[in-house]
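None of these values were measured; they are calculated from a predicted model. In what follows, every chain begins at residue 1, and chains take the letters A, B, ... in the order their sequences are listed.
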There are 2 protein chains.
Amino acid sequence: MGQGPTITTIAQRAGVSIASVSRVLNGLPTRQETERKVLAAAEELGYVRNAVARSLKSRRTHQVAFAMADVGNPAYLAMLREIQPVLKAAGYRLVLHSTDAVVADEIEVLHSLGERYVDGLIMVPLRVTEAHLAMLASARAPVVIIGSVPEGTPVDNVRADSRTGVRLALDHLHALGRRRIGLVNGPLDTVPGAARGAAYREALGALGLPYDEELVEIGDFYRAEGGRAVATLLDRVPDLDALMCANDLIALGALDVLRAAGRRVPRDVAVVGMDDTDLAAASWPSLSSVSLGSAERGRAAAELLLDRLRHGEREPRLVTVPPHLVVRASTGRAGAEEPRGDAP
Amino acid sequence: MGQGPTITTIAQRAGVSIASVSRVLNGLPTRQETERKVLAAAEELGYVRNAVARSLKSRRTHQVAFAMADVGNPAYLAMLREIQPVLKAAGYRLVLHSTDAVVADEIEVLHSLGERYVDGLIMVPLRVTEAHLAMLASARAPVVIIGSVPEGTPVDNVRADSRTGVRLALDHLHALGRRRIGLVNGPLDTVPGAARGAAYREALGALGLPYDEELVEIGDFYRAEGGRAVATLLDRVPDLDALMCANDLIALGALDVLRAAGRRVPRDVAVVGMDDTDLAAASWPSLSSVSLGSAERGRAAAELLLDRLRHGEREPRLVTVPPHLVVRASTGRAGAEEPRGDAP
DNA sequence: CGCGTTGCTGTAAACGTTTACCGTGTTTCG
DNA sequence: CGAAACACGGTAAACGTTTACAGCAACGCG
C-alpha cells in the first residue's frame with residue numbers, strides 16, 4: 001500500500017523521458033522499441049494511472065453527481081437504476097448525494113460544483129426556490145434538473161406529467177363505472193401534492209363529475225398517514241367506490257384500512273396508487289398504479305447530461321415524459337378481487 | 001461557466017502571495033489585515049476551492065466507493081441507506097459502482113483503486129475468487145468486504161450469519177407446530193444458496209426433524225422462479241405445512257402460488273422469507289422474514305472504513321452481524337390469517 | 001545597542017499528469 | 001551531395017493547490 005509507481009518511475013526504468021511514457025500510455029505515435037520498453041516497465045511495476053493528476057491537467061473528472069432527497073425512496077431509486085448504466089457505459093463514475101430533504105443541502109451541492117470534482121450534475125430538487133435559480137444561473141458545470149423549472153432557466157430539464165397521470169387514473173375508474181372517487185393526497189405545500197390535487201379537480205371536471213371537497217383528504221406520503229386519512233374519509237363518505245392515492249405508500253395504507261373495514265377491493269372500492277413502485281406489484285391485491293416514468297426520466301436526464309458534456313454549449317432542452325397507467329388487481333374487473341379478509 | 005478564479009487570482013486582487021491566500025483559507029495564523037483582504041477578494045470573486053488540485057497535493061480525495069452487484073437489489077439498498085449518511089457525516093462523498101453481477105467488473109473496481117480517485121472502498125462481492133484475493137492483497141487503498149473472506153485476508157470484513165438466520169426461522173416454525181417444512185432455495189453455486197441449504201439441513205437436525213430431500217426445491221432468487229419451484233414442491237409433497245424461502249422474492253412467489261392453489265397462509269402453510277426487505281411488509285399477508293441485518297452491516301462497514309481511514313494501519317477486523325426474525329402475518333397465530341382467495 | 005526571538009509573509013518546490021516546443025538524427029528529393 | 005522534410009523524443013511548463021524554507025521587521029532583553 002506504499003507509494004505506487006508514477007510515470008517518472010517508469011521513465012527511469014525504461015530509460016526514456018516521462019513525455020514518452022505518457023505518449024505510449026495514451027496511444028500517441030511512438031517508435032515500436034520505445035513502446036515496448038515502456039509497456040514492459042509499466043507492466044512490471046503494476047502501474048495504474050493517477051486519476052486525480054489526470055483530472056487536474058485535463059479538467060475532466062469523468063464523474064457525474066446525482067442528487068436526490070432520500071436514498072430510500074423507490075422513485076429516486078428507479079431513476080438511479082437507469083442513470084447508473086448509462087453513465088457507466090459512457091465512462092463516467094457516479095457520485096451519489098442524499099440531501100435528506102433539506103433545501104440548504106441542495107444549494108450546497110450546487111455550490112460544490114465549483115470544487116470541480118464532477119463534470120456535471122443531475123438533481124431532483126424537492127422544490128425550486130429563488131436560491132436554486134440563482135445557483136443554477138451561475139452553476140460551474142452542466143446541470144440537469146428532474147422536476148419543473150421556470151421557463152428560461154439555463155439548464156436541461158426533465159419533467160413528469162402528473163396532471164395527465166391523474167387524468168388516466170380517473171378515466172380508468174370512470175370507465176369501470178365508479179362515480180364516488182376519493183382523493184387521498186399528501187401535503188399541499190409540496191410540489192407533487194399541489195399538482196395532484198389540482199389535477200384531480202380538473203380531471204373530474206373533464207369527466208363531468210362534480211368536485212366534492214368531502215371526497216378529498218390530506219395526509220402524508222406514508223403508509224400509516226395514508227391509512228389514517230383513508231379511515232377519516234371512509235367515515236365521512238361511506239359510499240365512496242374508488243380511491244385515487246397520491247402515491248403507492250398511501251395506497252398500501254388504503255388497502256390496510258379497507259381490509260380492516262371489511263370493504264372488498266376492488267369490488268366495493270377500487271384503489272389506484274401512483275409512482276408504480278416495486279411495492280405495487282408485491283401487495284395483495286396487487287395495486288394498479290400510475291407510472292410517472294421514473295425510470296424513463298432518469299434515463300432521459302442521463303442522456304441529456306452526456307449530450308451536453310460531449311457537445312458543450314447548446315440551447316437548454318426540455319423533455320416531458322408521459323405517464324402511463326399500470327392496471328393490476330386493485331381495480332381489476334369483477335372476479336379479479338380479494339374476498340373479505342380477517343387480517344391480523 | 002468560464003474559468004473560475006484560483007488562489008492566484010485572489011492573490012493578485014488582494015495584493016498578497018498565493019501562500020498567504022492558502023493559509024487564510026485553511027485557517028492558519030495570519031495577520032488580521034491580510035486575512036481581511038483575502039477573504040474580501042475571495043468573496044468578491046466567488047472563489048471555490050478546487051477539489052482536484054487539493055486531492056493531488058494532499059493525497060486524499062474525500063471520496064469512498066461502494067460497489068455491489070445491482071443497484072436495484074433491496075438488500076444492497078438497505079446497506080446504501082446506512083452507508084451514505086455515515087460517510088456524509090464524516091465528510092466523504094460516495095461513489096457508486098454497480099458491477100452487474102459480473103466478477104470481472106468487481107476485479108476492475110479493485111484494480112481501479114490504483115487510480116486513487118477514492119480513499120477507500122466498501123465492496124459486496126458475489127463470491128470471493130482467487131482473483132479477488134490477489135487484488136485484495138495488493139489493494140492500493142483500504143477495503144472493507146461485506147461477505148465472507150478467508151482467514152488472513154488483509155481487509156476488514158463484515159459478515160451476516162445466515163446459518164443462525166435459518167435456524168431462527170425453523171425454530172419459529174417448529175414452535176408453531178409445523179413439522180413438514182420445505183426449503184425453496186436459489187442456485188447452490190451461489191454463496192447464499194449454499195449457505196442456506198446447509199443451514200437448513202443443520203437446523204432440522206438440531207430440532208430432531210429428519211432431512212428429507214423431497215422437501216427441498218431449487219429455483220432462483222426471483223419471484224416467478226420461486227413460485228415455479230413452490231408449485232413443483234407442492235405437487236410432490238402435498239402435505240407440507242411450512243415453507244422456508246431463501247429470500248423475500250421467492251417468498252412472494254410462494255404466496256402467489258399458494259393462493260392460486262387454494263392453500264391458506266398461514267393456516268395451511270406458514271411462509272418465512274429472508275432479508276426482510278420492504279416488500280415483506282407490503283405483501284398480503286405480510287411476510288415473516290429473517291433479517292440478516294443489511295442495514296447494520298452497511299453501517300458497520302462504513303464505520304470500519306472510516307476508522308481505518310482515520311487511524312491507518314491496524315489489524316484487520318471481523319464484525320459478524322446477528323440475524324433476527326421479524327414475525328408478521330405469514331406465520332401468525334391462528335386467526336391472523338388470510339382466507340381462501342380467488343386471485344386474478 | 002546588538003542579538004536572539006517571535007510573527008508573519010513570500011519564494012519555490014512538490015503532487016502526477018499532459019502537451020507545446022524544440023532539437024536531433026534520418027530520410028527524401030532536386 | 002546538400003537542403004528540406006520528417007519522425008521521434010526530450011525539456012519544461014502548466015493544471016491549482018499545500019507547505020518547507022527563508023527572509024524580514026519588530027520586539028524584548030542583557
Atom-to-atom span, CZ of B:Arg59 to C1' of C:dG16 - whole angstrom:
9 Å
Contact state string [nucleotides 18-27 of chain D, B base, S sugar-phosphate only, - no protein heavy atom under 4.0 Å]
BB--------
Which heavy atom in B:Asn73 sits nearest to a heavy atom in B:Ala75, and how many Å separate them?
OD1-N, 2.8 Å
Whole angstrom is fine here: how far is it from CD in A:Gln12 over to P in D:dT11?
12 Å
Which pair of non-hydrogen atoms, one from A:Arg54 and one from A:Asn26, has the smallest distance, and what is that distance?
NH2-OD1, 3.3 Å
Minimal heavy-atom distance between B:Thr8 and B:Ile18, with the atoms involved, is CA-CG2, 3.8 Å
Between P of C:dG16 and CZ of B:Arg140, the distance in whole Å:
12 Å
Sole candidate of A:Leu87, A:Ile83, A:Leu80, A:Val71 that passes side chain to side chain contact (heavy atoms under 4.5 Å, CB included) when paired with B:Leu96:
A:Leu80
First encountered from the 5' end of DNA chain C, between A:Thr8 and B:Arg31:
B:Arg31
Determine the minimum heavy-atom distance between A:Pro5 and A:Tyr47, stating which atoms define it.
O-CD1, 3.4 Å
For B:Val52, which contact category applies under a 4.0 Å heavy-atom criterion: base, sugar-phosphate, or nothing?
nothing
For D:dG16, take OP1 and OP2 only and decide whether either is under 4.0 Å from a side-chain N or O of A:Tyr117.
no
CD (A:Glu315) with more than 12 external heavy atoms under 6.0 Å:
no
Between A:Arg314 and A:Asp156, does any side-chain N to carboxylate O distance fall below 4.0 Å?
yes
Quickly work out the A:Leu56 CG to D:dC15 P distance and round it to whole Å.
9 Å
Whole-Å distance separating the CG atom of B:Asn50 from the P atom of D:dA14
17 Å
What is the distance from NE2 of B:His62 to P of D:dT17, rounded to the nearest Å?
15 Å
Any side-chain N or O of B:Ser17 less than 4.0 Å from the OP1 or OP2 oxygen of C:dG10?
yes
Letter per nucleotide, 5' to 3', of nucleotides 22-27 of chain C [B base touched, S only sugar-phosphate touched, - untouched; heavy atoms, 4.0 Å]
------
What is the nucleic acid contact for B:Thr30, judged by heavy atoms within less than 4.0 Å: base, sugar-phosphate only, or nothing?
sugar-phosphate
Assess whether a salt bridge exists between B:Glu296 and B:Arg299, defined as any Lys/Arg side-chain N lying under 4.0 Å from an Asp/Glu carboxylate O.
no
Separation of C:dC15 C1' from B:Arg60 CZ (nearest whole Å)
16 Å
Relative to each other, are the rings of A:His62 and A:Tyr92 parallel, tilted or perpendicular (30° and 60° limits)?
tilted
